[in-house]
**Student:** 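If you scroll down you'll find the structure; I have some questions about it.
In this text the structure is predicted, and so the values were computed from the model without any measurement. Every heavy atom of this structure was used, including side-chain atoms; hydrogens, water molecules and symmetry mates were not. Order of the sequence lines sets the chain letters (A, B, ...), proteins ahead of strands, with each chain counted from 1.
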Amino acid sequence: MTTLLSLSRRRNSYYLLTHPRLLRRFSADADPPPGIKPESQESAEVRLLENLRKIPQQDWASSETLSSLLVSSSIPPPALSQITRRLGSYSLAASFLHYLLDAAKSQSLNHRREESLSLVFQSVVEFAGSEPDSKDKLLSLYETAKEKNVPLTVVAAKLLIRWFSRMGMVNQSVLVYERLDSSVKNTQVRNVLIDVLFRNGRAGDAFKVLDEMLCEGSSVFRPNRITADIVFHEVWRGRVLKEDEIVGLISRFGSHGVAPNCVWLTRFITSLCRNARRTDVAWEVLSGLMKNRAPLQAPSFNALLTVLGRNMEISRMNDVVVKMDEMKIRPDVVTLGILINTLCKSRRVDEALEVFQEMCGKRSDDGDVIKADSIHFNTLIDGLCKVGRMKEAEELLVKMKTEESCAATTVTYNCLVGGYCIAGQLETAKEVVSRMKEDGIKPNVVTLNTLVGGMCRHHGVNMAIAFFTDMQREGLKGNVVTYTTLIHAYCSVGNVENAMGLFDQMLEAGCSPDAKIYYALISGLCQARRDHDAVRVVEKLKQSGFSLDLLAYNMLIGLFCDKNNGEKVYEMLTDMEEAKMKPDSITYNTLVSFFCKLKDFESVQKMMENMREDGLHPTVVTYGVIIEAYCSAGDVSEALKLFNDMGSRSKVSPNTVIYNILINAFCKVGNLGQAMSLKEDMKEKMVRPNVETYNALFKSLNEVHQKETLFKLMNEMNQSSCEANQTTVEILMERLTSSDDLIKLKQFMQGYTVGYQVEKNFTFPCL
DNA sequence: TTAAGATCGC
């Protein structure tokens, strides 16, 4: 962060140097700067213009005055061009051009003849463009230039190319370009041609011209900022290139030190990161441009930082900021906003505050320092609220009110309301709402939703409903978020009826559902095992144009498996396949469990194969389900085979649940030795036995001579802080009946070690 | 002007 802060303080001269105003040049054909013109020449120019106006056009050719002015005064070409313009009409200008062409033939125009004709021709072209029948005039002018070998100036070439294209004669535009002297085919002219070709739907030809410019070394006329503007505007508008091709094109422009304009580049970086999730490519694009010293600005980096921030990739963000510093690209107010926000979201509020304080503290008359705005304040207040630092959040609100142009907003107060709701201080949260009203700030639907959520979490759904009803009376309507919160709350207490009622209420209120509210309902209905209602909601979801997500599919498949509705399960799987959604290990485990219940071990094996083909690995849950199924089918040896398979083939370590299944199975068939040795195995593998483990073992220790083992296990249970439950007590009470035993049971329940004598003639080797 | 940062559903 230090890097970033030093940047915010630095005055940056780089921008001044690249300011377009400082780069602007005088055009080649502009009038010479005033004050250097010899007086005699000036008067020659004035006299020529006066005479041209005075003498009727048909008499120009025979006028001695005109020809002597031309021969004697050596009027420079730009002045002749200026005179042409001042003639004020196309017809006079065109006549003057023809007069000069004749004069050139008869040697009375000798001074810089070619240049004079070119510039005068250009001025005539300028007039022709706004004439009523400009098409014919331009065509005939161009013919004249060709016939009389008048070279076209850059400006004349640009005008002709542009105007022929506007008149629907793009082929004529191309001809003009092709016949140009190679020295006139400069960047400006090529830019116009490329633009014209794009506008006429000839992208292929445009790219050919561009290609010549981009070819490193071979092109004298390199692309500039304008070229990039034309090309990238077209690329964005016409979607003519694929993403990778655009990346390549940016890089080729980059090698000439040219970057796409900031807005365009920012959009492209955003779409790269957002749609394709290719932040690495986005970074390569920016790095490539930086390497070539192409001019870049903060917003393009902000686009990348935003996405990195969302993914909490703080170290990559830091790399970006460091590089910006190296390249003297100043972060702006948004860059700092993104950084502060990301730090807050990852609960590193103190670091966020540090960045913020540096920023505020260093504010002076140096205009380069970034001024904190209300978004920075809101972000920090929210960050503090989210970690429960309410006092500091309130203090920041006070500070905010004293800052210029940092007025507290609804968002500010909503953050505070949220903080008090997280802390369970609902009354204080409501007081904040009163305070905001006093400050003249209206609560909005987010305020409502925050409080409804807080009430659901801390005081139950009924209080939330009552509050919502009150708010509705006050004119504050809920939105889909309000209803989703309440539906979740109803479902979590098993009240699916009310949840469904709320959904209908929402539709009546004219609020349109989104995918999430459907998922909430489907989840509730699946938990309540209401398969028919769930099917109806899925239908509604599809009618509304949404599709199920993997979580919803898994819940539904689970429900239909539970209801033994194989047909529906099949339908869901087909549906998933059509939606190109890949099942995950939860889907497979659900299916494995379904086939296990049916004792269809062949299908179970098939599922395991499918799972591997899909690139998924059986999990501890998969093994647990199958091992349990083999056990309950009485095939303990198959179960044990799979158990051994876990560690060796799949590298999945068995957990307590797996051990319990097997211990239970061995206990049930009376193989206490195996059960006990499994429990020892747990110890070795550092898997903690739980109350179920002990209950299973206690249950099978019902012989009188096994009582010492029982006591030993009881002590072990206490030592490992494994708490007994109701079942434990019931099992033990059955086995410990003598008054002496009952005392021991009492000691055990109180957590004391039970004293006993080791039975000599019967012990398990493992104990 | 465009581009980029803040509050509510799990």
**Student:** If I take atom CG in residue A/Leu304 and atom P in nucleotide B/dG5, what distance separates them, rounded to the nearest angstrom?
**Tutor:** 12 Å
**Student:** I want to verify a distance call: between B/dA4, B/dG5, B/dT7, whose nearest atom is closest to the A/Arg310 side chain?
**Tutor:** B/dG5
**Student:** Please state how far atom CG in A/Leu502 lies from atom C1' in B/dG9, giving the value in whole angstrom units.
**Tutor:**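 Going from CG in A/Leu502 over to C1' in B/dG9 covers 14 Å.
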**Student:** Which of the following nucleotides, B/dG5, B/dA3, B/dA6, is nearest to the side chain of A/Asp373?
**Tutor:** B/dG5
**Student:** Could you check whether the rings of A/Trp264 and A/Trp236 sit parallel, tilted or perpendicular, using 30° and 60° as the cut-offs?
**Tutor:**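 Ring orientation, 0 to 90° scale: perpendicular.
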**Student:** Could you please name the option among B/dT7, B/dA3, B/dA6 that lies closest to any side-chain atom of A/Val263?
**Tutor:**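 So the side chain of A/Val263 is nearest to B/dA3.
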**Student:** Where the side chain of A/Val481 is defined as all heavy atoms beyond and including C-beta, which of B/dA4, B/dA6, B/dC8 is the nearest nucleotide?
**Tutor:**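 Of B/dA4, B/dA6, B/dC8, B/dC8 is nearest to the side chain of A/Val481.
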**Student:** Is the phosphate of B/dC8, meaning OP1 or OP2, less than 4.0 Å from a side-chain N or O of A/Lys516?
**Tutor:** no
**Student:** Which of the following nucleotides, B/dA3, B/dG5, B/dC8, is nearest to the side chain of A/His376?
**Tutor:**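 Closest nucleotide among those given: B/dG5.
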**Student:** Could you tell me whether A/Lys391 and A/Glu395 make a salt bridge, using a distance below 4.0 angstrom between a side-chain N and a carboxylate O?
**Tutor:**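 A salt bridge is present here (some side-chain N lies under 4.0 Å from a carboxylate O).
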**Student:** Identify whether the distance between the nearest side-chain nitrogen and carboxylate oxygen of A/Glu234 and A/Arg199 falls below 4.0 Å.
**Tutor:**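 No, no charged N to carboxylate O under 4.0 Å.
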**Student:** Name the closest nucleotide to the A/Asn341 side chain, picking from B/dT7, B/dG9, B/dA6.
**Tutor:** B/dA6
**Student:** Classify A/Ile375 by what it touches in the nucleic acid, base, sugar-phosphate, or nothing, heavy-atom distance under 4.0 Å.
**Tutor:** base
**Student:** Roughly how many Å is it from CG in A/Leu265 to P in B/dA3, rounded to a whole number?
**Tutor:** 14 Å
**Student:** Of the listed nucleotides (B/dG9, B/dA4, B/dA3), which one gets closest to any side-chain atom of A/Val480?
**Tutor:**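 Of the candidates, B/dG9 comes closest.
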**Student:** Write down the distance between CD (A/Gln297) and P (B/dA3), rounded to a whole number of angstrom.
**Tutor:** 15 Å
**Student:** If you look at every strand shown and take non-hydrogen atoms under 4.0 Å, does A/Thr484 touch a base, only sugar-phosphate, or nothing?
**Tutor:** base
**Student:** Side chain of A/Lys386: nearest nucleotide among B/dG9, B/dG5, B/dT7?
**Tutor:** B/dT7
**Student:** Specify the separation, in whole Å, of atom CG of A/Leu286 and atom P of B/dA3.
**Tutor:**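 Spelled out: CG on A/Leu286 to P on B/dA3 is 18 Å.
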**Student:** Can you see whether A/Thr379 engages A/Asp382 through a side-chain donor-acceptor pair at a distance of less than 3.5 angstrom?
**Tutor:** no
**Student:** With a cut-off of less than 4.0 Å, is there a side-chain N or O of A/Thr306 near OP1 or OP2 of B/dG5?
**Tutor:** yes
**Student:** Starting at atom CZ of A/Phe268, determine the distance to atom C1' of B/dA4, rounded to an integer number of angstrom.
**Tutor:**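 It works out to 17 Å between those atoms.
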**Student:** Look at the side chain of A/Asp514 and decide which nucleotide, out of B/dA4, B/dG9, B/dA6, has an atom nearest to it.
**Tutor:** B/dG9
**Student:** Rounded to the Å, how far apart are A/Asp382 CG and B/dG5 C1'?
**Tutor:**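 Taking CG of A/Asp382 and C1' of B/dG5, I get 13 Å after rounding.
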**Student:** Go through B/dA6, B/dC10, B/dA3 for me and flag the one nearest to the A/Thr409 side chain.
**Tutor:**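 Nearest nucleotide to the side chain: B/dA6.
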**Student:** Pick base, sugar-phosphate or nothing for A/Leu380, based on heavy-atom distances below 4.0 Å to the nucleic acid.
**Tutor:** nothing
**Student:** Anything under 30° is parallel, anything over 60° is perpendicular, the rest tilted; go ahead and classify A/Phe377 against A/Phe356.
**Tutor:** perpendicular
**Student:** Are A/Glu354 and A/Arg348 close enough for a salt bridge, meaning some N to O gap below 4.0 Å?
**Tutor:** no
**Student:** Just the rounded figure in Å: distance from P of B/dG9 to CG of A/Leu551.
**Tutor:**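 About 17 Å, once rounded to whole Å.
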**Student:** Pick base, sugar-phosphate or nothing for A/Val452, based on heavy-atom distances below 4.0 Å to the nucleic acid.
**Tutor:** nothing
**Student:** Does A/Thr485 make a side-chain donor-acceptor contact with the base of B/dG9, cut-off 3.5 Å?
**Tutor:**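 No such pair is found, so the answer is no.
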